[in-house]
Structures are given as structure tokens and as C-alpha cells.
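Order of the sequence lines sets the chain letters (A, B, ...), proteins ahead of strands, with each chain counted from 1.
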Amino acid sequence: MPPPKNKIPPPKGTRDMYPLEAARRRWLSERWRKVAIRHGFEEVDGPTFETTDLYAVKSGEGILGELFQSFSGKDPKDIERIRAGEAAPFAMRPEFTPSLARMYAERARSLPSPCKWFQIGPFFRAERPQRGRLREFLQWNVDVLGLDIPAEKWNAEDAEGRAEVAEAKARMDAEIIHCVIDFLQACGFDEASLKVRVSDRELVADLISKSMAAVDPTLLQQVFELLDKRTKLSSDKFLMDAQQIGFDVEAFDGAVSQVQADSSSTPLRVLRELSVHSAFNSWVAFDPTIVRGLAYYTGTVFEVIADGERAVAGGGRYDNLIELFGGQPTPAVGFAMGDVVISLLLQDKGLMPSDAELMQEIGARPDVFVIAPSDDLDPIAIRLLATLRREGLHARRSYKTTRNVGKLLKEASQQHARLAIIIESADQATIRNLDAADQQSVQLTSDDAPFDMLLEAAGELLRA
RNA sequence: GUGGCCGUAGCUCAGUUGGUUAGAGCACCUGGUUGUGGUCCAGGAUGUCGCGGGUUCGAAUCCCGUCGGUCACCCCA
């Protein structure tokens with residue numbers, strides 16, 4: 001193929017990742033992974049593209065419009081269908097939940113209960129990009145499927161059984177929220193910069209029904225939609241819209257504050273459960289305007305919010321989704337966090353680690369930088385590099401022509417190397433700790449074991 | 001997808017009412033200087049002024065289109 005005449009930029013809403021950006025992304029996903037693992041979640045993954053039907057199972061219209069559709073191009077029928085305005089057979093995954101639900105339903109009988117899974121990978125949405133919203137992004141999904149009580153009890157009908165289930169759900173919800181907060185804390189955020197707003201659709205639906213003459217499911221949806229917009233609308237507009245659908249705002253607000261004021265029972269079970277974990281109360285608050293889309297949440301819903309940015313993470317309980325994908329009715333709860341908003345926030349708050357810390361954490365920091373101050377020492381340097389690398393160390397050298405030791409040390413520190421080894425002669429070297437700025441002279445070779453003394457000294461410094 | 005704003009070197013920007021070979025700082029490269037770390041000195045390379053078209057003797061500058069970014073709507077699965 002001839003070289004393209006015009007530059008071809010990356011597609012809208014995608015990113016080219018140069019070493020620094022790639023290192024940051026890896027650092028973030030390592031953090032995600034580390035936190036999820038220490039909370040007892042196991043990593044899973046699915047295909048990055050799925051059958052389009054998978055996303056049509058729940059909802060339908062709105063979601064399909066934001067899918068990146070795809071097809072192999074090998075089947076003429078596909079092209080005909082697409083020409084006719086039908087959906088392509090495949091779609092780049094816009095979320096993980098349907099894949100997760102399918103995977104769980106497929107093997108539910110042999111999986112532990114509760115089943116705690118997390119996933120990290122790229123997702124795609126054909127939305128118009130904005131700050132904090134791209135068309136390709138990395139997402140961390142964490143879910144708890146099932147409960148910590150026997151499956152026979154999950155669908156109990158009697159009052160006592162239902163109470164037991166509600167308690168179990170609250171415990172799982174709390175585990176999910178605890179996991180997010182732990183991650184945020186590990187990144188250096190505190191409750192002043194981020195808040196977790198929690199609501200419960202069942203509870204709010206209950207409060208709504210007390211604020212309206214008659215409630216049917218459609219009307220309930222409308223009220224949820226309106227509540228979702230409450231912080232965005234002017235209060236006049238909000239009140240007008242509420243009146244139009246017969247929603248008594250005053251009564252609703254009264255019911256909310258009454259519930260909040262009742263010190264004998266926290267409004268949300270999940271908040272009560274969360275306080276058992278430890279002192280996370282300051283992070284979380286009940287907020288009835290948190291609705292989280294309208295697709296499939298059934299109980300607890302929550303969002304991590306920072307002012308000035310869009311939501312950092314969000315999730316909730318989706319108790320009827322697994323059966324939609326062919327499984328037994330299974331209570332489930334989870335959340336997702338994208339890399340875009342959290343990265344912006346880390347930058348804004350100065351919490352993004354320095355390049356050296358970043359490289360250290362992802363294991364990309366050079367252990368040793370070898371300096372040969374004259375041409376005749378080059379062969380020794382090359383041999384030393386080979387030896388260091390065979391020992392499993394990350395060893396580098398300069399590719400510049402200069403022999404100026406000062407400049408080469410500068411290069412070593414720019415690359416954040418931990419040690420510099422300056423070859424002085426055929427049998428003498430200086431090993432310098434670049435962090436501590438101190439150095440020692442070491443014998444380079446001995447008769448029977450070349451580099452042994454040096455390796456030992458370097459190993460000692462690196463372990464420190 | 002709809003509407004508003006923006007687009008000059010890798011980055012942050014300057015560029016006089018349209019006027020000749022488009023600039024600075026940082027970063028990068030080379031040489032020198034103290035054989036010991038973001039120093040100092042000297043030098044260097046880099047832009048199809050986002051792209052395409054139009055107006056004009058002449059366009060980074062004015063007009064149209066397009067691409068990209070950004071803000072609002074939307075969405076937040």
C-alpha cells in the first residue's frame with residue numbers, strides 16, 4: 001500500500017497512548033485490580049464485541065442508538081440488512097453487565113454464592129465526546145451476584161423471610177460501596193473532595209406513592225426522571241413539571257426529611273450496614289435525587305460525585321437481570337468506574353503520582369543504568385548489561401555519543417533509574433545509588449566469577 | 001444526533017487595521033565546560049498556521065465547507 005497522502009488522525013473520541021499515558025492507564029488499572037482482589041473479588045472478562053441481540057434484551061431503543069455496530073463483511077446478507085436499516089449482527093460492548101449476566105447464568109449452579117467478580121477492559125459508546133466522556137474508555141466493573149444466605153431463601157414471600165433477604169442484600173450492597181470507597185481512599189481522596197450519594201428505588205417509590213393521589217408504573221418512572229433532573233432544573237421549572245404530573249413536592253420532601261430525621265432507623269439499610277465496615281459514614285449520604293438512568297436498577301442506587309466533574313462511578317442493585325438472561329432469579333449488585341473522569345480528577349486534585357512513583361508501582365522503573373565513559377569500555381558495558389538482564393533486572397544504557405559522565409548521569413536520573421554503574425576500568429566500577437546520591441567503589445571482575453561482586457552490591461542496594 | 005465557542009512547533013502561547021523568508025518559552029538534538037544528576041555556554045532541527053475550497057495583486061488573519069476539541073441538550077446501560 002502506498003503511504004497515505006493525508007494524515008489519518010485517531011477516530012473521534014479515542015486516544016493515542018504515548019509512554020506516559022500508557023503508564024498512567026496501567027497504573028490506574030493496577031490500582032483497580034489490587035483493590036478488587038483484596039476485597040475478595042475474582043477477575044473475569046468477556047468478548048469486546050457481542051451479538052447485538054444481547055444488548056436488545058433489556059430496554060431497547062436508547063441503548064441501540066449508541067452502539068458501535070460491526071460485522072465481518074464476509075456475509076453479503078449482513079450488508080443487505082444494514083442497508084435496509086437493520087442493526088448489524090455484532091456490537092462493540094458498551095457495558096459489561098449483559099456479558100456478566102450471561103456468564104453467570106451459564107454456570108450459576110457451579111459458582112460460589114455470593115459470587116464476587118470484577119472486570120477491567122475497554123468499552124465503546126457512539127456518543128458525542130466531551131470532557132470526561134470518550135467513545136473508547138477503560139472501565140472497572142465490580143459485582144456481587146447472589147447473597148450470603150441459601151438460594152432457597154432468596155425469593156422468600158413471608159415477612160420474616162423478606163426481612164432476612166433485605167438484610168443480606170444490604171450487606172452485599174455495603175461490600176460494593178466499601179470497595180469503591182477503599183479505592184478512592186487509596187488514591188488519596190477524602191470525603192471533602194468526593195461524596196457517595198446513595199438512594200433506594202424501593203424506598204423512594206414508597207415515598208412517592210405517599211405524595212401522589214394514584215401511582216401507576218408509568219407515572220412512577222416519570223417522577224424518577226423528574227427527580228433525576230432536580231439538581232439541573234430551576235426550582236420553578238421543577239415545581240411546574242411536578243404539578244403537571246400530579247407529584248406533590250412538598251409532601252415528598254416532608255416524607256424524605258421525616259425519614260432522615262428518624263434516628264432510630266437510618267433511611268437506608270445499606271448505610272447502616274456500611275457503618276459496620278468502619279468509619280465510612282462521612283463519605284456517604286442519602287440523596288433521593290440519585291436515580292441512575294432508568295434501565296434495570298431495582299433497589300439501592302449510588303453515585304460517586306465530585307463537584308465540577310461528571311459522576312466518577314455509579315451502580316446499584318439489579319435483582320431481575322440474571323433471569324432475563326436465562327438464569328434463576330438472582331439478586332445482584334454492582335458498580336462501574338471509567339478511567340476518563342477519575343483520571344481528570346486525579347490530575348485536578350494533584351493526586352496523580354509522579355512519573356517515578358508511577359513507574360515504580362507498575363514495575364517499569366529501571367533498576368540499573370550502565371555508563372561506559374570511554375569507547376574501550378563498551379564491550380564490558382554490553383556484557384554487564386546482558387548479565388544484569390539475565391539476573392532479571394531492568395538494565396539500560398545510553399545510546400548517545402557523549403562520554404560525559406555528568407550528562408549520562410543526568411540521562412539516568414531522567415529515566416528514573418535507581419542505580420548507576422560507572423565502569424571505571426576493566427576491573428573496577430562505581431555503583432551509585434541515584435535516590436540517595438551516594439556511591440561506592442566495587443571490584444568489577446574476579447578471576448572465576450565476573451561481575452559477582454557487582455551483582456551482589458547492586459542486589460543489596462535494590463532490596464533496600 | 002442538535003446548537004454555541006475554539007483550532008498557530010511535541011507542550012503553553014504571541015503574531016500589529018489582510019502585506020515579503022511565521023516567533024518566544026519549555027521539551028528535543030549536537031558540541032563545549034566541572035568525571036558525578038533536571039547547571040552553564042554555544043549551536044541545531046521542527047510547522048503543508050487542523051484540512052479543503054473561495055474572495056484578493058497578496059490570507060495564519062476575511063467567507064463557506066469539513067475534521068477535531070470543548071460547552072449545553074442527550075446519555076450516564
Side-chain angles (χ1 to χ4, degrees), chain A residues 5-16 18-21 50 54-67 91 93-101 123-135 137 139 141 225 228-229 232-233 290-297 301 303-305 309-316 318 321 324 334-338 340-341 354-356 369 371-374 377 398-425 430-439 441:
Chain A
K5 268 188 191 159
N6 300 313
K7 286 179 192 168
I8 299 175
K12 184 199 297 222
T14 65
R15 298 164 284 181
D16 285 337
Y18 292 92
L20 180 62
E21 290 89 67
E50 287 275 13
L54 185 76
Y55 301 112
V57 167
K58 55 160 225 229
S59 267
E61 329 111 40
I63 292 171
L64 292 175
E66 303 206 321
L67 286 178
R93 62 180 177 192
E95 59 166 324
F96 190 63
T97 313
S99 309
L100 177 93
F123 290 85
F124 311 87
R125 292 179 195 173
E127 295 179 296
R128 187 144 165 196
Q130 278 180 40
R131 179 181 165 85
R133 181 169 90 177
L134 298 177
R135 289 181 155 196
F137 51 92
Q139 192 166 276
N141 295 282
E225 274 178 60
D228 188 34
K229 288 182 184 155
K232 277 192 173 181
L233 296 176
I290 298 300
V291 176
R292 291 300 301 165
L294 304 152
Y296 50 63
Y297 291 120
V301 284
E303 247 171 39
V304 179
I305 299 171
E309 298 283 358
R310 58 192 81 234
V312 176
Y318 49 99
L321 199 64
L324 252 168
F335 75 86
M337 179 185 291
V340 185
V341 176
S354 71
D355 296 357
F369 193 93
I371 294 173
S374 65
L377 295 171
S398 178
Y399 294 97
K400 296 186 204 294
T401 51
T402 184
R403 297 297 180 173
N404 183 301
V405 173
K407 278 194 176 166
L408 293 169
L409 280 170
K410 179 177 162 182
E411 191 183 348
S413 78
Q414 276 176 334
Q415 295 186 16
H416 308 110
R418 298 179 63 192
L419 304 178
I421 293 176
I422 305 163
I423 298 168
E424 306 291 357
S425 67
T430 300
I431 178 163
R432 184 174 175 81
N433 183 336
L434 291 167
D435 290 334
D438 65 340
Q439 61 188 36
S441 191

Any base atoms under 4.0 Å from A:Gly334, or only sugar-phosphate, or nothing? Heavy atoms, all strands.
nothing

B:G47 versus B:C63 - spacing of their C1' atoms, nearest Å:
25 Å

Any N/O donor-acceptor pair, A:Lys407 side-chain to B:G32 base, under 3.5 Å
yes

Mind checking the C1' distance from B:C51 to B:G68? Whole angstroms is fine.
10 Å

If the cut-off is 4.0 Å, is A:Lys12 near the phosphate of B:C67, judged by side-chain N/O to OP1 or OP2?
no

In whole angstrom, give me the gap between the P atoms of B:G44 and B:G25.
13 Å

Taking CD1 from A:Ile371 and C1' from B:G37, how many angstroms apart are they, rounded to a whole number?
9 Å

Which listed nucleotide (B:G37, B:C28, B:G35) is nearest to the side chain of A:Pro373?
B:G35

At less than 4.0 Å, is any side-chain N or O atom of A:Gln415 found next to OP1 or OP2 of B:G38? Yes or no.
no

Rounded to whole Å, the OH-P distance (A:Tyr297 to B:C76) equals 10 Å

In Å and rounded to the nearest 0.5 Å, what is the NZ to CZ distance from A:Lys12 to A:Arg128?
6.0 Å

For B:C13 and B:G18, measure between their P atoms and round to the nearest Å.
25 Å

Checking N1-N3 plus N6-O4 or O6-N4 for Watson-Crick, or N1-O2 and O6-N3 for wobble, each under 3.5 Å, the partner of B:G43 is B:C29

Reckon A:Asn433 touches a base, only the sugar-phosphate, or nothing at all at heavy-atom distances under 4.0 Å?
base

Is there a donor on the side chain of A:Arg133 or the base of B:C74 sitting less than 3.5 Å from an acceptor on the other?
yes

Protein-nucleotide distance (A:Gln130, atom CD; B:G68, atom C1'), rounded to Å:
14 Å

Which listed nucleotide (B:G38, B:C76, B:C74) is nearest to the side chain of A:Asp228?
B:C76

For A:Ala437, report the nucleic acid contact type (base, sugar-phosphate, nothing); a contact means any heavy atom under 4.0 Å.
base

Return the nucleotide paired to B:U70: Watson-Crick means purine N1 to pyrimidine N3 with N6-O4 or O6-N4, wobble means G-U with N1-O2 and O6-N3, both under 3.5 Å.
B:G4

For A:Glu411, salt bridge (charged side-chain N to carboxylate O under 4.0 Å, His left out) partners two or more places apart
none

Taking atom P of B:C74 as reference, at what distance in whole Å does atom CZ of A:Arg310 sit?
12 Å

Applying a 3.5 Å limit to both distances, which nucleotide forms a Watson-Crick or G-U wobble pair with B:A24?
B:U12

Rounded to the nearest 0.5 Å, what separates atom OG in A:Ser99 from atom CD in A:Glu50?
3.5 Å

For A:Asn404 and A:Gln414, find the nucleotide of RNA chain B closest to each by heavy atoms; which residue's nucleotide sits nearer the 5' end?
A:Asn404

Phosphate oxygens OP1/OP2 of B:G31: is one of them under 4.0 Å from a side-chain N or O of A:Thr401?
yes

Could you tell me the separation between the CD atom of A:Glu127 and the CG atom of A:Leu134, rounded to the nearest 0.5 Å?
10.0 Å

Look up atom OG1 in A:Thr97 and atom CG in A:Leu324, then write down how far apart they are to the nearest 0.5 Å.
12.5 Å

Check the distance between B:G10's P and A:Arg15's CZ and give it to me in whole angstrom.
22 Å

Distance-only donor-acceptor test (3.5 Å): side chain A:Gln439, base B:G37:
no

Partner nucleotide, any strand, of B:U61 [Watson-Crick/G-U, under 3.5 Å]:
none

Taking donor-acceptor contacts at under 3.5 Å, does the side chain of A:Arg125 reach the base of B:C75?
no

5' priority, RNA chain B, between A:Gly13 and A:Arg135 [closest heavy atom]:
A:Arg135

Euclidean distance, atom CZ of residue A:Arg128 to atom C1' of B:U2 [Å, nearest integer]:
8 Å

At under 4.0 Å between heavy atoms, what does A:Arg432 touch on the DNA or RNA strands: base, sugar-phosphate, or nothing?
base

With sugar-phosphate meaning primed atoms plus P, OP1 and OP2, does A:Gln139 contact a base, only sugar-phosphate, or nothing at under 4.0 Å between heavy atoms?
nothing

Working to the nearest 0.5 angstrom, can you tell me the gap between A:Arg403 CZ and A:Ser398 OG?
8.5 Å

Testing A:Asn404, A:Ile421, A:Ile422 one by one against A:Ile371 for a side chain to side chain contact (heavy atoms under 4.5 Å, CB included), which residue passes?
A:Ile422

Would you indicate what A:Lys232 reaches in the nucleic acid, counting non-hydrogen atoms under 4.0 angstrom: base, sugar-phosphate, or nothing?
base

Inter-nucleotide C1' distance (B:G38, B:A27), Å rounded
12 Å

Base of B:G69, side chain of A:Arg131 - is there a donor-acceptor contact under 3.5 Å?
no

Take atom C1' in B:U46 and the same atom in B:U30, then report the distance between them in whole Å.
15 Å

With C1' as the reference atom in both, quote the distance from B:U36 to B:G43 in angstrom, rounded to an integer.
25 Å

Could you tell me the Watson-Crick or G-U partner of B:U55, where both distances fall under 3.5 Å? Say none if there is no partner.
none

B:A14 to B:C76 separation - C1' atoms, rounded to the nearest Å
40 Å

Assign A:Lys400 to base, sugar-phosphate, or nothing according to its heavy-atom contacts below 4.0 angstrom with the strands shown.
sugar-phosphate

Opposite nucleotide pairing with B:G18, Watson-Crick or G-U, both atom distances under 3.5 Å:
none

Which of these nucleotides, B:G38, B:C75, B:G37, is closest to any side-chain atom of A:Leu434?
B:G37

Could you tell me how far apart A:Ile8 (CD1) and B:C51 (P) are, to the nearest whole angstrom?
16 Å

Rounded to whole angstrom units, what separation is found between the CG atom of A:Leu409 and the C1' atom of B:U36?
5 Å

